[in-house]
Protein chains: 2
Amino acid sequence: MCEALLPMTTIRQIAREAGVSVGTVSNVLNDNDNVALATRERVQQVIQQHNYRPSNVARSLSTRRTGTLGLIVSNISNPFSSELARGAIETAQEAGHGLLVLGAAPDGLDLPTQVDTLVRQWVDGILITSEPLPDSRLSQLPCGDTPLVMMDYAQPPHRNVIGLINFDWEAAGYAATTHLLQLGHRRIGYIGGIADHPSSRWRAQGYHKALQEMAIPVDPMLECGGDFLAAGGYQVARALLALPNPPTAFVTANDLMALGALQAIAEGGLRTPNDLSLVGMDDIPYASFISPPLTTIHLPSYRAGQIGIQMLLEADRTHPTLQRIMLPTHLVERRSTAPVPKGFPRLRPDPSLPYKEGSD
Amino acid sequence: MCEALLPMTTIRQIAREAGVSVGTVSNVLNDNDNVALATRERVQQVIQQHNYRPSNVARSLSTRRTGTLGLIVSNISNPFSSELARGAIETAQEAGHGLLVLGAAPDGLDLPTQVDTLVRQWVDGILITSEPLPDSRLSQLPCGDTPLVMMDYAQPPHRNVIGLINFDWEAAGYAATTHLLQLGHRRIGYIGGIADHPSSRWRAQGYHKALQEMAIPVDPMLECGGDFLAAGGYQVARALLALPNPPTAFVTANDLMALGALQAIAEGGLRTPNDLSLVGMDDIPYASFISPPLTTIHLPSYRAGQIGIQMLLEADRTHPTLQRIMLPTHLVERRSTAPVPKGFPRLRPDPSLPYKEGSD
DNA sequence: CATTTGGTTTGAACCGGTTCAAATTAGCCT
DNA sequence: AGGCTAATTTGAACCGGTTCAAACCAAATG
């Protein structure tokens, strides 16, 4: 490795040139108040001249803090995740911190490896938003004393966890379902998330709760799992529409699957919301631009990223305490939902009935 | 700052415990082949026991390479950028490198500050994909000897640039416009990008070229600037539709603006593509799921991120040479475009001129 | 004038690794 | 056993900052 690196200016060169000791230069750099004005100015001038930038690497080594945080995200091209990432990046940046972002490629590194990478970088904290792992593997993540903030866990799965962030998933499932019930829908298909995510269970619980309140039995045929991807939403929606007694509305566990469902509905020759209502979850930035504009549950994803970073920044490393936060969600009513059409079901043979349009 | 950090295990502790010198431990860690098998195993065992993870910070300080790259991206929640970011993250990760991501918040840090942050972190290279700056400011970015890869510049605006990545924007604008011309459209509205981005100019050049080939004069009323955001696309499309002699088709400089335009079209009581055709650019992952599925120009954004990182990884720091790459684009024909309707225009009073259909 | 006080400055130790010339050990041959 | 070579191992210097006890100096005080 014969690197022909030009010799970088160091604090000692500055010191020599300004005729002071390195300690003094260091004090100037850190705005310590024990430097005489004249000295400070002289040093600053030399720093200017050389365009000297102190090395954060060296600083990190001696202070044992890097001013860098880590973010582990499952799939950054999911708009939900990218909003979250934006919240994290901007918040870290405003606080003068860097953010090392690792994403789980489909066949990529697993969580323990990712955490290991970050820990060896001495990041000051890690925000983990990627898919949950079985608690048994999680609890022994080798993360030294690096504080962790995690999303979508009921209980901290590791002793380093200083923050837990949850969306109120159950309320989300409940609100979505209730909205449809109020519009008169009684057969509501549920396109859920990946089974072993706790958040998937919580969403489904909200769905159940809403049905129970109306004394509607849960039809297991109508409740499906999903993959959080548009392709999966499409598949599941097709299957549900092919049922002998198909639903008049869908709740999907995220907006991407709602997009897929929308496509399946259109391909079935049906219109949303006239023939079939649909409510998603996430409120991705494009939800209002698709056609019809998607009724969905808004999740404050940007805020989640922001709070996660804030928790890490404010973490008290001497006596850490666990912070919990439950982020509220709310229904955003757009135009993919309407009252249940009269005289349904209408999918099969019967080519009938002029439906009344949704009357507000 | 009374940090109660538990004393981290260091290479010296491992050395003492294994009864060897630190040099030997270092050799074991780096898989150097000058360690006797017995010694190596003994050391490795001690490492296991203590769950020792060598510090990358310390390593960076002595090797002067961090194994970390920097990515500066304008707005990570734009699906185009997030795809690019995913390419960059995954590629860096596969090579065992970290990626420090900085994003330009609307009111955020400016490029020189971001670069400075990364340079002080001693990142091994920086991929800059954010908005272009005037060359004058760029050329004096203080980036020591950190190699740079930049997107959407015709010429390297800084001496550290070792790679330039461009999409073939002109071909994109040309292909989009030609597609519409072939469908018989003659009045084609152009919703462009931000004026001082070179890429905006190139796209517009493609639009011009296509029109010129058909000997169609450019109507300055039909050619507008934009902001790359859905809201802007909506605004501009509305304005174009309100023209006395409105276009029968739109080309938009990115898909987000196409979404906005789609909304404006729908609100005008028109249907896409029956009444009005639309072609976007980017081919964001949701382009095929919106309704109608969007005809657009595919840009390999993931690939761009991937290549950018690869260039940095492979950069020869001893005698750097400039790499250039022009990424091809292609039309993805979906369902937002159709032959020009007979007997238009149909918006305003004047019900005139039967246009010849595009003969192909 | 001797002493105290307080603001400045210094210089060496330290952070946790890598590197490499020199020292040590092991192996082989005559 | 002695001599020679190759394989291991060592230990100190180094990377570029921070930190802090001690030294220094000037002004103020008794």
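Lettering of chains follows the sequences in order, A, B, ..., and the numbering in each one begins at 1.
- Rounded to an integer number of Å, the gap from Ile47(B) CD1 to dG16(C) P is 16 Å.
- Side-chain contact check for Ile309(B) versus His97(B): every heavy-atom pair is 4.5 Å or farther apart.
- Phosphate proximity of dG16(C) to Thr10(B): absent, as no side-chain N or O sits under 4.0 Å from OP1 or OP2.
- Counting non-hydrogen atoms under 4.0 angstrom, Thr39(A) reaches the backbone sugars and phosphates but no base.
- Within the 4.0 Å cut-off from OP1 or OP2 of dG17(C), not a single side-chain nitrogen or oxygen of Ser62(B) is found.
- Applying side-chain hydrogen bond (donor to acceptor under 3.5 Å, both in side chains) to Glu17(A) and the options Gln45(A), His50(A), Arg12(A) leaves one that passes, His50(A).
- Distance alone, capped at 3.5 Å, places no donor-acceptor pair between the Asn166(B) side chain and the Met326(B) backbone.
- Nearest-nucleotide mapping onto DNA chain C: of Val22(A) and Leu37(A), the residue sitting toward the 5' end is Leu37(A).
- Distance CG (Asn56(A)) to P (dC15(D)): 19 Å, rounded to an integer number of Å.
- Atom-to-atom, CH2 of Trp122(B) to P of dG17(C) comes out at 16 Å; the value is rounded to the nearest Å.
- Between Asn27(B) and dT18(C) there is no side-chain N or O to OP1 or OP2 distance below 4.0 Å.
- Rounded to whole Å, atom C1' of dT19(D) lies 13 Å from atom CZ of Arg59(A).
- Put simply, Arg64(A) has no side-chain N or O that comes within less than 4.0 Å of OP1 or OP2 on dC15(C).
- Between the P atom of dC15(C) and the CG atom of Leu61(A) lies a distance of 9 Å, rounded to the nearest Å.
- Rounded to a whole Å, the NE2 atom of His50(A) is 15 Å from the P atom of dG16(D).
- For the OP1/OP2 pair of dG16(C) and a distance below 4.0 Å, the side-chain nitrogens and oxygens of Ser55(B) include no atom meeting the criterion.
- Looking only at atom types and distance, the side chain of Thr113(A) has a donor-acceptor partner in the side chain of Asp110(A) under 3.5 Å away.
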Kindly determine whether Gln114(B) and Thr117(B) satisfy side chain to side chain contact (heavy atoms under 4.5 Å, CB included), including the steps that lead there. CA-CA 5 Å; Gln114(B) 294 175 319; Thr117(B) 303; 5.5 Å; no
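- Residues Gln306(B) and Arg303(B) bring a donor and an acceptor atom of their side chains to less than 3.5 Å of each other.
- The side chain of Ala36(B) has dT9(D) as its nearest neighbour among dT9(C), dT9(D), dG17(D).
- Among the candidates Glu90(B), Glu83(B), Arg86(B), the single residue satisfying the side-chain hydrogen bond (donor to acceptor under 3.5 Å, both in side chains) test with Tyr302(B) is Glu90(B).
- Of the candidate nucleotides dG16(C), dG17(D), dT9(C), dG16(C) has the atom lying nearest to any side-chain atom of Ala58(B).
- In this structure, Asn34(B) places its CG atom 18 Å from P of dA23(C), rounding to the nearest Å.
- Residue contacts for Val35(A): at a heavy-atom cut-off of 4.0 Å it reaches the sugar-phosphate backbone alone, with no base atom in range.
- Across the protein-nucleic acid pair, Arg65(A) atom CZ and dT19(D) atom C1' stand 16 Å apart, rounded to whole Å.
- Contact annotation: Thr24(A) reaches the phosphate of dT10(C) (side-chain N/O to OP1 or OP2, under 4.0 Å).
- For dG17(C), its base sits under 3.5 Å from the side chain of Arg12(B) at one donor and acceptor pair at least.
- At the heavy-atom level, Val20(B) lies under 4.0 Å from the strands shown only through sugar-phosphate atoms.
- When each of dT19(C), dT18(D), dG11(C) is scored by its nearest atom to the side-chain atoms of Ser21(A), the top-ranked nucleotide is dG11(C).
- Axis deviation across the helix from dC1(C)-dG30(D) to dT30(C)-dA1(D) amounts to 60°, comparing end segments of five pairs, rounded to 10 degrees.
- One finds the CD atom of Gln49(B) at 8.5 Å from the CD1 atom of Ile14(B) (value rounded to the nearest 0.5 Å).
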